[in-house]
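Worksheet: the structure to be examined is printed underneath.
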Amino acid sequence: MSPFDAAHRRQTSFASVDVSPELEEGEITIDTNDIRVDTFRAGGAGGQHVNKTESAIRITHIPTGIVVQCQNERSQHKNKRAAMGMLEAKLYQLRETEKDKELKKAYGEKAEIDFGYQIRSYVMAPYQQVKDLRTAFVTSDVAGVLDGDIQALIDAHIRKRRDDVGLGA
């Protein structure tokens, strides 16, 4: 029953839950053998200094082909640090994209969040019931399920998958 409705009517809502393992994020480490560092003269405005020193940096990450360059600073060392930071960010982004591809491959497509696509119904009033629509498992312990006691739901799902494959109990 909705506490926000003066008539206390029963409300319907949908939620999509995605469960994935929590991973430790480490720093991106770049092997110096995997990069090629080129220096060159920075062009453009900046006076005579830019035309005399090779302060600009281009870093190529050989395994991925990612190229970054920096010529913002007058110091080659500062440009190299900035370029390495850009390369680390690009490698991190590439790694995350690859992870997303793997998760999508393992997880499959998400269903719509709408009527007819739900896998489980939670009824809290006027009676108490949780019904898994994939397995037809029903329990009246709504509070227990919401508190995390889902072993019976997991067992029902495993039994259903075994029956679908034809393995039996």
Side-chain angles (χ1 to χ4, degrees), residues 2 4 11-122 130 132-135 143-158 160-162 164-165:
S2 174
F4 306 107
Q11 302 293 315
T12 301
S13 61
F14 296 95
S16 175
V17 179
D18 188 13
V19 179
S20 60
E22 187 174 293
L23 303 174
E24 291 291 322
E25 287 296 332
E27 276 187 20
I28 297 288
T29 54
I30 300 172
D31 186 357
T32 55
N33 295 326
D34 288 345
I35 61 173
R36 184 179 71 237
V37 179
D38 300 313
T39 59
F40 57 97
R41 291 183 182 157
Q48 297 297 317
H49 177 74
V50 295
N51 297 325
K52 292 182 180 177
T53 63
E54 292 192 351
S55 61
I57 294 285
R58 180 181 303 116
I59 300 175
T60 305
H61 188 252
I62 298 165
T64 60
I66 294 174
V67 178
V68 295
Q69 70 180 27
C70 184
Q71 60 186 30
N72 298 340
E73 304 293 334
R74 291 181 66 161
S75 163
Q76 188 181 94
H77 297 291
K78 287 181 182 178
N79 281 331
K80 186 173 183 182
R81 274 195 300 274
M84 285 299 285
M86 288 188 282
L87 180 60
E88 288 172 2
K90 286 188 178 271
L91 289 173
Y92 177 80
Q93 185 178 21
L94 179 67
R95 184 176 75 182
E96 291 302 307
T97 302
E98 291 298 319
K99 277 188 200 175
D100 287 346
K101 284 181 187 175
E102 289 298 317
L103 282 174
K104 283 181 184 175
K105 190 187 313 179
Y107 185 67
E109 291 295 318
K110 275 192 160 184
E112 295 291 321
I113 304 170
D114 200 359
F115 282 104
Y117 291 96
Q118 63 268 31
I119 62 169
R120 200 170 298 127
S121 294
Y122 296 81
V130 175
D132 188 314
L133 302 172
R134 299 170 298 178
T135 63
V145 172
L146 291 175
D147 285 338
D149 184 12
I150 60 169
Q151 190 59 50
L153 290 161
I154 294 170
D155 292 342
H157 186 69
I158 291 171
K160 173 84 167 110
R161 292 203 48 172
R162 277 191 203 141
D164 289 349
V165 175

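In this text the structure is predicted, and so the values were computed from the model without any measurement. Computed from heavy atoms alone, side chains included, the values below leave out hydrogens, waters and symmetry copies.
Checked against Asp164 for a salt bridge (Lys or Arg N to Asp or Glu O under 4.0 Å), the options Arg162, Lys160, Arg161 give a single hit: Lys160.
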Between Glu96 and Lys99, is the salt bridge (Lys or Arg N to Asp or Glu O under 4.0 Å) condition met? List the steps. CA-CA 5 Å; Glu96 291 302 307; Lys99 277 188 200 175; 3.4 Å; yes
Between Arg41 and Gln71, does a side chain to side chain contact (heavy atoms under 4.5 Å, CB included) hold up when you go through it step by step? CA-CA 9 Å; Arg41 291 183 182 157; Gln71 60 186 30; over 6 Å; no
Using side chain to side chain contact (heavy atoms under 4.5 Å, CB included), reason through Lys90 and Thr64 one step at a time and then give a plain yes or no. CA-CA 10 Å; Lys90 286 188 178 271; Thr64 60; over 6 Å; no
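Contact between Ser121 and Leu133 at its shortest, heavy atoms only, is OG-CD1, 3.8 Å.
Shown here is Arg134, whose CZ atom has more than 12 heavy atoms of other residues, nucleotides or ligands within 6.0 Å.
Taking OG of Ser55 as the reference point, atom NZ of Lys78 lies at 11.5 Å (rounded to 0.5 Å). Atoms CG and CD1, on Asn33 and Ile62 in that order, are 8.5 Å from each other to the nearest 0.5 Å. Separation of atoms CD1 (Ile30) and CG (Leu91) is listed at 5.0 Å; rounding is to 0.5 Å. Note: Lys80 NZ to Glu73 CD = 15.5 Å, rounded to the nearest 0.5 Å. Interatomic distance, Ile154 CD1 to Ile158 CD1, rounded to the nearest 0.5 Å: 7.0 Å. To the nearest 0.5 Å, atoms CG (Asp38) and CD (Glu54) are separated by 10.0 Å.
Remark: side-chain polar atoms of Asn79 are paired, donor with acceptor, to backbone N or O of Asn72 under 3.5 angstrom. Side chain of Gln76 to main chain of Ile57: no donor-acceptor pair is present (N/O by atom type, distance under 3.5 Å, no hydrogens or angles).
In this structure, Leu153 and Arg120 have side chains that are in contact, with non-hydrogen atoms separated by less than 4.5 Å. Between Ile35 and Met84 there is a side-chain heavy-atom pair separated by less than 4.5 Å.
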